[in-house]
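Order of listing sets the numbers, starting from 1, for every ligand and every atom in it. Computed over heavy atoms, backbone and side chain alike; hydrogens, waters and symmetry mates excluded.
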Amino acid sequence: MGNMKAIAEKFVLDGKVLDCAPLGIGNINSTFLVTTENKKYTMQKLNTNIFKKPEQVMSNIVKVTSHLKEKIIAEGGDPSRETLTFAQTENGEYLYYDGEDVYRAYEFIDDVNTLQTSGNTEMAYKVAKTFGIFQKRLADFNADELYETIPDFHHTAKRFETFEEIIKADPYGRAAEVKDLIEYAEKESYLANSLTDALESGVLPLRVTHNDTKINNILFDKKTNEGLCVIDLDTVMPATTLYDFGDMVRSGAASTDEEDTNLDNVTIDLDYYKAFVKGFIDGVGDCLTQEEISRFALSSKVLTYECAIRFLGDHVNGDVYFNIRKPGHNMERAANLLKLLSEMERKYDEMLEIK
Ligand code: ADP
Ligand code: GN1
Ligand code: MG
């Protein structure tokens, strides 16, 4: 990695760069806090192993954030805090290549908190509503303008095929050690086609969605404790609203976060789930169809399943995708999510009753 301060200086920022330090614990990109004489910025090194065409990622993000800004202004909100504002290089580019890596910079939003779990039903409602409002603001965005930044990102059926190929190849001899997890994942593979089939047959409408609605991708305003800004916009693409709903439940309606290694702690909290259903519907508005709403509970299982097989596949494949902070990290995350899935299966009838 290059000299971070020198890289930050490649962007046109307000004031001289004083410092550039690591920030956050994301699974994909590397994030830094840049402090100048007058302002703070976030700088990210993009993971180009995952985002193979970073210029397409930025093209999407610039269009989406300018659309969001128009909506936020029309609603009387603060566009500098309620969505991201990107900096340019002296050549007017949103990306800087140092010959090896690709970077972008955007304004840091101060006085915010991020959550790893909902903590209470009131916050669960706010999480869901914030993601719902994000989607509502993009309802009239022309989906044709967006690139598919990661092809088949939530194509669970293809994710399962890839998983099976990795298990078969077993390049590091790790499959035997996680045999029980693999067996459970294979038993649950009936989930893999359910949403993709409904999307492909047109039963589910295509919408512009976030696709990475993990709870820590919302900044909460410290003063008001309200959801302020949805971040991590790399995967905004045309898809089904259920990917956003399901992934939000996976990460926010669980009783603990995906990093918890004590599986006894892991279950789905039905009070949080109820708050998620209400918050999301309140946020998105009245455009959701019955075909979508009736699959809320199913999508919670599918997205939990998908993320679990991605973590487990990555463990067996030698940890090539997700950032890990300890050996076996992806295996632990997979065990957590498969436990969560088993709890969703156990409480599924109750989930279906919540509308
Ligand atoms: P990743 O793709 O690695 O998850 P994110 O874009 O989600 O990266 O950023 C990682 C973390 O950095 C966030 O969870 C948040 O804590 C912090 N962060 C990112 N952007 C901002 C911002 N504009 N203002 C304040 N904090 C931010
Ligand atoms: C990654 O970037 P982050 O940490 O918000 C991943 C998501 C997973 C999540 C699991 C582009 O999200 O799909 O659900 O990890 N993002 C990408 O923690 O693959
Ligand atoms: Mg993130």
Atom 12 (O) of ligand 2: nearest protein contact (heavy atom, Å): Asp212 OD2, 3.2 Å
Just to verify, what does Glu75 make a side chain to side chain donor-acceptor pair (under 3.5 Å) with, not counting sequence neighbours? Arg137
Listing by chain and number, what protein N/O/S atoms are under 2.8 Å from the Mg ion (ligand 3)? Asn217 OD1, Asp232 OD2
Aromatic centroids of Tyr41 and Phe108 separated by under 6.0 Å: no
Tyr243: which residues meet the ring pair (Phe, Tyr, Trp, His ring centres under 6.0 Å) condition with it, sequence neighbours left out? His154
On a heavy-atom basis, I'd like to know which of Asp110, Ile50, Thr114 is closest to atom 16 (O) of ligand 1. Thr114
Answer yes or no: is there a side-chain heavy-atom contact under 4.5 Å between Phe131 and Asp244? no
Once salt bridge (Lys or Arg N to Asp or Glu O under 4.0 Å) is applied, what residue pairs with a partner in residues 324-340 remain, sequence neighbours excluded? Glu259-Arg325, Glu259-Arg333, Lys326-Glu332
My understanding is that we take every heavy atom of each candidate and find the minimum distance to atom 6 (O) of ligand 1. Doing that for Glu107, Gln44, Met43, which one comes out nearest? Gln44
Heteroatom proximity flag, Asn211 to ligand 2, N/O under 3.5 Å: no
Short N/O distance, under 3.5 Å, between Thr235 and ligand 2? no
With heavy atoms and a 4.0 Å threshold, my read on which part of Thr42 contacts ligand 1 is side chain
Tell me the nearest of Thr235, Asp232, Ile28 to atom 2 (O) of ligand 1, using heavy-atom distances. Asp232
Considering heavy atoms of the protein only, find what lies nearest to atom 14 (O) of ligand 1 and give residue, atom and distance to 0.1 Å. Asn216 O, 3.3 Å
